[in-house]
2 protein chains.
Amino acid sequence: MADTELDERKVKILNAIIKNYLETGEPVGSRTISKYTDLNLSSATIRNEMSDLEDLGYIVQPHTSAGRIPSDKGYRFYVNNLIAEKDKEVSDMQEWMIEKTEKMESLLKNVAKVLATNTQYATMVTAPSVVSNRLKFIQLSAVDEKQVLSVVVMDGNIVKNKIINVDKPLDNETMLKLNMLLNTNLNGLAIDQINLALITKLKEQAGIHDEIISQVLESVAETITEDDDLQVYTSGATNIFKYPELSDSKKASELLDTFEEKQSLVELLSDKSAGADENAIQVYIGDESPISTMKDCSIVTATYELGDGVKGTIGIVGPKRMDYENVVDNIKSLKGQLDKLLKNEGKDS
Amino acid sequence: MADTELDERKVKILNAIIKNYLETGEPVGSRTISKYTDLNLSSATIRNEMSDLEDLGYIVQPHTSAGRIPSDKGYRFYVNNLIAEKDKEVSDMQEWMIEKTEKMESLLKNVAKVLATNTQYATMVTAPSVVSNRLKFIQLSAVDEKQVLSVVVMDGNIVKNKIINVDKPLDNETMLKLNMLLNTNLNGLAIDQINLALITKLKEQAGIHDEIISQVLESVAETITEDDDLQVYTSGATNIFKYPELSDSKKASELLDTFEEKQSLVELLSDKSAGADENAIQVYIGDESPISTMKDCSIVTATYELGDGVKGTIGIVGPKRMDYENVVDNIKSLKGQLDKLLKNEGKDS
DNA sequence: ATTAGCACTCCAATTAGATGAGTGCTAACA
DNA sequence: TGTTAGCACTCATCTAATTGGAGTGCTAAT
């Protein structure tokens with residue numbers, strides 16, 4: 001549709017306006033464009049074209065007799081073209097990051113940090129959602145008379161533990177039996193494969209200890225789903241102060257608040273409403289954002305995968321005039337690396 | 001010393017000035033004090049006294065012909081008196097918080113949050129330092145051929161795990177033996193009790209598996225000390241926007257940065273230089289702060305204990321005109337609860 | 001279709017008063 | 001001797017008026 005209403009010259013001018021605005025953050029006038037582009041057109045001509053572009057809704061004037069700035073529609077046009085263009089290459093950088101992959105947690109923290117440093121925007125990364133991730137290992141151990149420790153290891157060496165209280169001590173034999181039972185039946189299963197039938201079967205086999213099994217299972221489920229909703233690592237939130245249009249006290253405070261609160265970030269990152277292609281990079285511009293405190297921002301998100309199921313999400317929040325090109329590149333690169341890193345289960349330590 | 005250079009009337013006036021400034025955040029003038037206090041003195045007299053107080057360094061004028069605001073020395077005087085006065089009572093509130101004590105981590109997050117909500121300042125809490133904390137339980141398990149999972153449980157149910165790579169698979173028997181060895185020798189020991197002699201002894205007993213033992217021990221040490229330095233939970237950092245004197249773009253950005261970076265917070269919270277009494281509440285006012293970005297803030301910290309050794313620290317950062325009284329009360333109350341909660345090892349779930 | 005020229009608009013920065021809270025000092029008073 | 005009233009003075013803050021300049025829209029000429 002854009003192709004029909006914009007001729008080539010308008011596209012060029014629009015791009016020039018946006019690029020210039022991305023750099024300066026100031027409204028851009030006709031004279032600037034007249035020189036900035038290689039079109040060799042006078043400012044007057046540019047003015048006419050700009051007037052058209054404004055009518056079409058791609059740019060707006062903050063006030064009469066100011067330059068133009070891109071509207072959300074303008075940004076959208078720019079981004080769409082950009083992504084279409086860039087969808088081939090996935091560069092390899094930041095390899096160094098992989099060294100420090102001791103734990104999922106520190107890995108993700110690092111990812112957020114690297115991304116924030118590279119882009120100078122605020123970033124966030126969700127921990128892989130364990131849905132459709134596979135169990136690798138389960139172990140119960142008696143810590144003392146009344147406490148049992150359950151350790152669950154998932155693919156990708158995500159380890160979770162939980163302490164369960166029991167009424168009376170479990171003897172060694174029972175412990176062994178339960179461990180055997182759990183491992184033989186559950187190993188290699190994805191979470192959503194643990195259904196009621198399986199649970200019933202397990203309980204039967206546990207005999208008089210069925211109650212313990214159910215407690216354990218409950219705790220396993222709990223262990224896994226627990227506060228997965230809350231596992232978001234953020235970094236570079238204070239970068240927003242680098243952009244005057246976001247750093248007035250009220251806006252900055254609200255923004256930083258949502259970054260600290262994290263809950264709404266989870267919702268944002270797990271938002272599947274808009275995007276058709278699950279696997280692609282999502283861009284929310286201004287009002288497109290599902291979070292009201294980010295109406296003046298743009299958000300770029302992408303999901304990374306592990307094994308078969310969809311896993312986690314990385315996201316970047318910045319001003320609308322963010323350097324989409326750089327951001328998309330960075331996210332793609334990181335996404336690629338995470339995919340690779342997490343699928344390769346041999347790698348760990 | 002303060003007693004010698006300040007007579008009772010000056011103290012009253014100084015207190016009045018500080019209290020008023022705590023409320024308003026505006027420089028306070030002589031007329032205000034003249035009415036505010038029950039001294040029945042004219043503004044002129046107050047002016048004379050204020051002039052004296054300024055000479056003595058307790059208050060300063062932001063500029064000629066403005067009211068006075070407390071200097072760091074003034075705050076210090078106020079705080080010293082305050083704490084001396086309040087050192088008896090430890091109130092009990094926020095009992096509800098205890099319910100959610102599933103894990104140390106979420107507990108501490110909650111502590112930070114509660115404190116931030118109650119005080120409206122920025123707060124931070126360090127995880128208990130495991131030095132001189134006792135080992136309760138160790139378990140090694142083979143996850144697959146090349147990976148061994150080590151789980152370490154400390155007093156207070158702090159659980160840490162780590163995956164160790166091994167060259168060749170360990171058979172069940174060896175595993176059992178190693179577990180036995182580790183648990184019989186190490187359980188109940190504090191970290192600093194695991195010395196070279198003990199390690200040598202363990203290795204000897206492990207026979208041909210001494211290398212594995214040393215790997216495991218290394219990993220245990222690593223597991224425990226790992227990034228304990230980095231375990232700081234913060235909350236309410238954005239509260240600083242509530243205080244105009246801190247919320248100009250530059251200051252706010254720097255402050256929030258140190259809160260995000262966390263590393264310097266660790267140093268701050270583990271700073272033992274100033275305070276004589278380890279167990280008391282520490283107050284840093286303005287320049288007394290070891291962190292340069294907090295020169296315009298005041299910081300209140302306190303340590304909480306578990307078992308025998310010193311444990312973690314809680315801290316509050318706010319404007320110099322913070323409500324010291326409320327803050328101290330809150331910290332004391334929380335400190336008391338944490339002490340109680342963590343010492344009582346029966347409680348868990 | 002493009003361009004030069006010009007009047008017009010409006011933001012942003014500057015300046016000039018005006019305001020008022022607060023001080024320091026002096027002189028009078030109890 | 002300590003306290004108070006009075007007064008001149010300072011200085012941040014607020015308001016309004018002034019200005020400069022960037023940028024536009026329109027028109028007429030090329």
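Owing to the predicted nature of the structure, the values given are computational and were not obtained by experimental measurement. Here is the naming used below: chain letters follow the sequence lines, and residue numbers restart at 1 for every chain.
For the pair Met50(A) CE and dC26(D) P, the computed distance is 15 Å after rounding to whole Å. As a whole-Å value, the separation of Arg9(A) CZ from dA1(C) P is 10 Å. A straight line from NZ of Lys35(A) to P of dA22(D) spans 10 Å, rounded to a whole angstrom. The CZ-P distance, from Arg31(B) to dT23(C), rounds to 11 Å in whole Å. Here the P atom of nucleotide dG23(D) and the CD1 atom of Ile69(A) are 14 Å apart, to the nearest Å. Between the CD atom of Gln61(A) and the P atom of dA22(D) there is a distance of 17 Å, given to the nearest Å. For Ile33(A) and dT24(D), the CD1 to C1' distance is 15 Å, given to the nearest whole Å. In this entry the distance linking CG of Leu53(B) with P of dG24(C) reads 12 Å, nearest Å.
Between the side chains of Lys12(B) and Asn15(B), not a single donor N or O lies within less than 3.5 Å of an accepting N or O. Counted by atom type alone, Tyr324(A) and Ser298(A) present one or more donor-acceptor pairs between their side chains at under 3.5 Å.
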Report, one pair per line, the protein and nucleotides 8-14 of chain D atoms (nitrogen or oxygen only) whose separation is under 3.5 Å.
| residue | atom | partner | partner atom | Å |
| --- | --- | --- | --- | --- |
| dT10(D) | O2 | Ser65(B) | OG | 2.5 |
| dC11(D) | OP1 | Thr64(B) | OG1 | 3.2 |
| dC11(D) | O4' | Ser65(B) | OG | 3.3 |

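Comparing dG25(D), dT23(C), dT4(D) by their closest approach to the side chain of Asn48(B) singles out dT4(D). Comparing dA5(D), dC26(D), dT23(C) by their nearest atom to the side chain of Ser42(B) picks out dA5(D). Nearest nucleotide to the side chain of Leu41(A), out of dG25(D), dT3(D), dT3(C): dT3(C).
Taking for each of Ser43(B) and Gly67(A) the nucleotide of DNA chain D with the nearest heavy atom, the 5'-most of the two is the partner of Ser43(B). Along DNA chain D, the nucleotide closest to Ala44(A) and the one closest to Thr32(A) are compared, and the more 5′ of them pairs with Thr32(A).
Cation-pi geometry between Lys320(A) and Tyr75(A) is not satisfied (NZ or CZ under 6.0 Å from the ring centre, within 45° of the ring normal).
The side chain of Arg68(A) contributes an N or O atom lying less than 4.0 Å from OP1 or OP2 of dT24(D).
Contacts of Ala66(B) with the nucleic acid, taken as non-hydrogen atoms under 4.0 Å apart, involve only primed sugar atoms and P, OP1 or OP2.
Between Leu6(A) and Tyr58(A) the shortest side-chain heavy-atom distance falls below 4.5 Å.
Within 6.0 Å of atom CG in Asn40(B), 12 or fewer heavy atoms from other residues, nucleotides or ligands are found, so the atom counts as exposed in its surroundings.
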Would you be so kind as to tabulate the donor-acceptor pairs closer than 3.5 Å made by side chains of residues 59-66 of chain B, with sequence neighbours excluded?
| residue | atom | partner | partner atom | Å |
| --- | --- | --- | --- | --- |
| Gln61(B) | NE2 | Ala66(B) | O | 3.1 |

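Evaluation of the salt bridge (charged side-chain N to carboxylate O under 4.0 Å, His left out) test over residues 47-57 of chain A, restricted to residues two or more places apart or in two chains, returns Arg9(A)-Glu49(A), Lys10(A)-Glu49(A), Lys10(A)-Asp52(A), Glu54(A)-Arg68(A).
Scanning atom types as modelled, one donor and one acceptor separated by under 3.5 angstrom connect the side chain of Arg47(A) and the base of dG5(C).
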